[in-house]
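Since the structure comes first, as structure tokens, the remarks are kept for the end.
This chain uses plain numbering: 1 for the first residue, then up along the sequence.
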Amino acid sequence: MTFKCKINVTVAPQRVGLFVKQIGNMKQDVRILLLGEPKVGKTSLIMSLVGEEFPEEVPLRAEEITIPADVTPEKVPTHIVDYSETEQSDEVLKNEIIKANVVCVVYDVTNEDTIDKIKTKWIPLVNGDAEKGNKVPIILVGNKSDLRCGSSMETILPIMNQFSEIETCVECSAKNLKNISELFYYAQKAVLHPTAPLYDPEDKQLKPLCVRALSRIFYISDQDNDRILSDAELNCFQKSCFGNPLAPQALEDVKTVVWKNTSDGVQDNGLTLNGFLFLNTLFIQRGRHETTWTILRKMQVPVGCTTELNPLGYQFLQRLFDKYDEDKDSALSPAELRNLFCVCPYMPWGAEVYLAVPTTDDGYISNHGYRCHMYVNPFTCRLSAYFDIHRCLEHLGYLGYPILTEQESQTAAVTVTQDKEVDLEKHQTQRSVFLCKVIGPQGTGKTAFLQAFVGCSVENKGNPSSAFSPYAINTVQVSNQEKYLIVSTFHPNPYADPSPLTLTKDCDFTLLFMQLNEVDVEVEFLKASDASCDVACLMYDTSDPHSFDYCASIYKQHYMESNIPCVLVASKVDLPEVKQFHGMTPAEFCYKHQLPPPLPFSSLFLDSTSKTIYSRQLNGSDMSNTSYWLRVALGSAVVAVLGFAIYRAVARLK
């Protein structure tokens with residue numbers, strides 16, 4: 001029989017971050033609740049576990065038991081809670097179910113009525129109103145196996161097939177101490193290594209987000225980028241996840257199992273992505289889902305952290321620029337850029353890159369523009385994922401990074417930052433990139449705002465095509481330091497990842513990724529993922545009486561109660577200003593919410609001295625001084641807005 005694994009699923013890369021955030025880290029403790037009909041032996045099971053002998057006298061209900069971490073298999077404190085229908089009310093029962101991480105439904109293997117109550121009473125009580133994916137895991141416990149010759153599994157299996165939240169069934173005996181430890185081990189395992197996020201028992205296949213996460217691990221482990229895991233790569237992966245390599249015979253056995261069950265799982269004596277996914281599916285189907293969880297947790301990017309190019313990666317990419325800048329004019333012409341990427345299977349940068357970064361008078365990408373783009377997303381013009389780690393590693397391999405730098409693999413060019421929450425706790429950060437989103441109704445001038453940042457108008461830009469760039473990158477001066485600033489415009493993406501690319505403190509600059517959300521004024525609410533960022537700029541049109549009302553509602557919905565700094569931008573100030581249809585003026589709104597006054601902007605009054613003005617004013621001004629912002633000239637509005645955004649974000653971490 002051939003095993004078919006569906007891997008052609010469309011899952012935004014950013015959703016993997018959400019997947020990891022939701023279930024990536026093991027719980028710090030486990031709370032187990034025992035339910036079931038009276039006299040099935042719930043209390044006896046608990047007392048037999050604790051006392052290691054069957055109790056002569058059994059109370060109506062055992063007190064809550066806490067098992068220390070050092071005596072549990074997974075080294076996690078475990079709380080075991082008993083339930084007595086006689087002593088406890090329905091309200092208490094509901095509260096206990098809410099608090100439970102896993103529920104053990106105990107039945108008497110000699111009593112068919114207690115088995116029927118599993119599906120008619122107890123499972124509906126626990127998960128009756130829960131949506132698929134949010135159900136509490138359930139362990140079925142058949143007690144009193146010492147009183148029955150055969151097994152109850154023939155009766156239980158249909159129930160297990162009917163309810164996907166049932167993790168397993170354990171038959172045991174409190175009197176003979178049979179399978180007591182195993183019962184609580186499986187309950188603990190159901191919480192720490194749950195099946196639901198990984199596998200769909202109805203479709204009998206891995207869930208899309210699990211496929212995406214495992215595919216990422218496969219590509220990272222594929223060091224030579226040939227889409228096959230060789231024996232050496234498999235052993236490197238095995239050692240990273242489990243501490244020890246596999247013996248040669250064990251490797252051959254693994255590949256044999258895959259070869260027998262898949263049509264394309266083994267190629268050139270190596271494991272393909274399909275084969276890798278099949279193995280993890282097999283682990284889960286055979287109850288060894290802790291193996292897949294170990295893989296996911298060992299090789300995940302920690303929650304709140306981001307991947308980044310480190311100084312080794314930057315130096316390599318700068319060497320490439322110097323090599324292919326044949327006329328030494330500190331710029332790459334289209335021909336020189338094609339030569340740089342000639343070793344790649346396709347050209348990773350499209351025509352829109354000429355609109356995205358500062359260019360020379362001839363429209364060529366300058367060294368400065370090259371550095372800007374390389375730090376953000378080296379090998380793609382798509383900012384759906386700011387730093388596409390898979391594509392980055394792939395192209396670093398094509399460009400010869402391991403060979404030219406004498407590193408073991410291209411992963412040496414990438415590092416991971418500290419968790420953002422840790423930064424906030426310590427009031428310091430290694431991050432040098434901050435995510436800023438500019439949000440406003442359509443037609444407020446966000447695209448002009450973006451283009452002005454790289455010194456051009458929406459109408460004109462010396463580029464080889466009429467392509468439109470969804471982002472722009474440049475630098476500003478903040479506190480005597482050069483900061484790299486990335487500005488992006490796109491239609492709202494429900495899978496937007498709030499984590500930007502960041503660079504290490506070894507680099508002497510900061511990047512700010514700014515997204516401009518093209519929001520329809522009829523859309524009343526943004527999704528939380530669209531609003532998530534380090535800094536928010538809310539832009540309204542001074543000539544449109546309805547424009548500010550949208551910004552005010554977005555501020556109240558997403559930012560008023562958050563720690564995210566906000567600034568307001570008043571666009572099109574070259575047009576006659578109209579009264580905004582809101583309860584208060586924009587200035588009054590800012591004063592009430594302790595925001596700086598709206599910053600004026602017009603694409604018609606941009607001058608070449610804007611950065612000079614900003615640098616001179618920002619470094620010598622009190623950032624809380626309202627009059628400072630009112631003195632900012634229209635020509636410096638773009639840089640002032642973005643620079644102020646960086647300042648406020650950095651200040652939060654000091």
**OP:** Please indicate whether Tyr186 has more than 12 foreign heavy atoms, meaning atoms of other residues, nucleotides or ligands, lying under 6.0 Å from its OH.
**Re:** no
Subject >> Residues in side-chain hydrogen bond (donor to acceptor under 3.5 Å, both in side chains) contact with Gln267, at least two apart in sequence or another chain >> reply: none
**OP:** Evaluate side chain to side chain contact (heavy atoms under 4.5 Å, CB included) for Glu171 paired with Tyr107, printing each intermediate quantity in order.
**Re:** CA-CA 9 Å; Glu171 291 191 334; Tyr107 66 92; 4.2 Å; yes
Original post:
Salt bridge check: are Lys117 and Glu85 linked by an N-O gap of less than 4.0 Å?
Top reply: no
Original post:
Is the side chain of Asp222 donor-acceptor paired with the backbone N or O of Arg227 at a distance under 3.5 Å, no angle test?
Top reply: yes
Original post:
Could you go step by step and tell me if Phe283 and Leu198 meet the side chain to side chain contact (heavy atoms under 4.5 Å, CB included) rule?
Top reply: CA-CA 11 Å; Phe283 292 149; Leu198 307 180; over 6 Å; no
Subject >> All side-chain hydrogen bond (donor to acceptor under 3.5 Å, both in side chains) counterparts of Asp226, not counting sequence neighbours >> reply: none
Subject >> Listed once per pair and sorted, the side chain to side chain donor-acceptor pair (under 3.5 Å) pairs that draw on residues 91-100, sequence neighbours left out >> reply: Arg31-Glu96
Original post:
Can you tell me how far CZ of Phe218 sits from CG of Asn274, rounded to the nearest 0.5 angstrom?
Top reply: 9.5 Å
Original post:
Which distance, rounded to the nearest 0.5 Å, do you find between the CG of Leu206 and the CD1 of Ile284?
Top reply: 5.0 Å
Original post:
Can you find a pair of side-chain heavy atoms, one from Val40 and one from Asn111, that are under 4.5 Å apart?
Top reply: no
Which atom pairs, one a donor and one an acceptor, fall under 3.5 Å between side chains of residues 41-60 and the rest of the protein, sequence neighbours left out?
unit_1 : atom_1 : unit_2 : atom_2 : d
Lys42  : NZ     : Gly36  : O      : 3.2
Lys42  : NZ     : Glu37  : O      : 3.2
Thr43  : OG1    : Asp82  : OD2    : 2.5
Ser48  : OG     : Ser44  : O      : 2.9
Ser48  : OG     : Ala174 : O      : 2.9

Original post:
So how far is it from Cys169 SG to Ile159 CD1, rounded to the nearest 0.5 Å?
Top reply: 9.0 Å
**OP:** Check ring pair (Phe, Tyr, Trp, His ring centres under 6.0 Å) between Phe184 and all other residues, then give those that pass, not counting sequence neighbours.
**Re:** none
Subject >> Heavy-atom check, side chain of Leu192 versus side chain of Trp293, under 4.5 Å >> reply: no
**OP:** Side-chain contact test, heavy atoms from C-beta onward, threshold under 4.5 Å: evaluate it for Leu234 versus Val254 and give yes or no.
**Re:** no
Original post:
Checking side chain to side chain contact (heavy atoms under 4.5 Å, CB included) for the pair Val92/Tyr83: CA distance, chi angles, key distance, verdict?
Top reply: CA-CA 9 Å; Val92 171; Tyr83 167 70; over 6 Å; no
Original post:
Quick one: does Val258's side chain get under 4.5 Å of Phe276's, heavy atoms only?
Top reply: no
Original post:
If you count the non-hydrogen atoms of other residues, nucleotides and ligands that lie under 6.0 Å from NZ in Lys121, is the total more than 12?
Top reply: yes
**OP:** Evaluate side chain to side chain contact (heavy atoms under 4.5 Å, CB included) for Leu538 paired with Tyr550, printing each intermediate quantity in order.
**Re:** CA-CA 9 Å; Leu538 305 178; Tyr550 178 82; over 6 Å; no
Subject >> Flag side-chain contact, heavy atom, 4.5 Å: Pro197 against Leu209 >> reply: no
**OP:** For atom CG of Asp90, decide whether the heavy atoms of other residues, nucleotides or ligands shown that lie under 6.0 angstrom number more than 12.
**Re:** no
Original post:
Will you find, in the side chains of Thr114 and Asp108, an N or O donor that is under 3.5 Å from an N or O acceptor?
Top reply: no
**OP:** Answer whether the closest heavy-atom distance between the side chains of Asn143 and Cys172 falls below 4.5 Å.
**Re:** yes
**OP:** Look only at the side chain of Thr272 and the backbone of Ile228, and say whether a donor-acceptor pair between them is shorter than 3.5 Å.
**Re:** no
**OP:** Using the side chain to side chain contact (heavy atoms under 4.5 Å, CB included) rule, pick out the option among Ile156, Val103, Val106 that qualifies with Leu140.
**Re:** Ile156
Original post:
Are side-chain heavy atoms of Pro38 and Thr86 found at a separation under 4.5 Å?
Top reply: no
**OP:** Flag the pair Gln88 / Leu93 as yes when at least one side-chain heavy-atom distance between them is below 4.5 Å, and no otherwise.
**Re:** no
Original post:
How many angstroms lie between atom OH of Tyr555 and atom CD1 of Ile564, to the nearest 0.5 angstrom?
Top reply: 10.5 Å
**OP:** Establish, from distance only, whether the side-chain atoms of Tyr199 and Thr292 form a donor-acceptor pair under 3.5 Å.
**Re:** no
**OP:** May I have all residue pairs that pass salt bridge (Lys or Arg N to Asp or Glu O under 4.0 Å) and include part of residues 278-290, sequence neighbours excluded?
**Re:** Lys189-Glu290
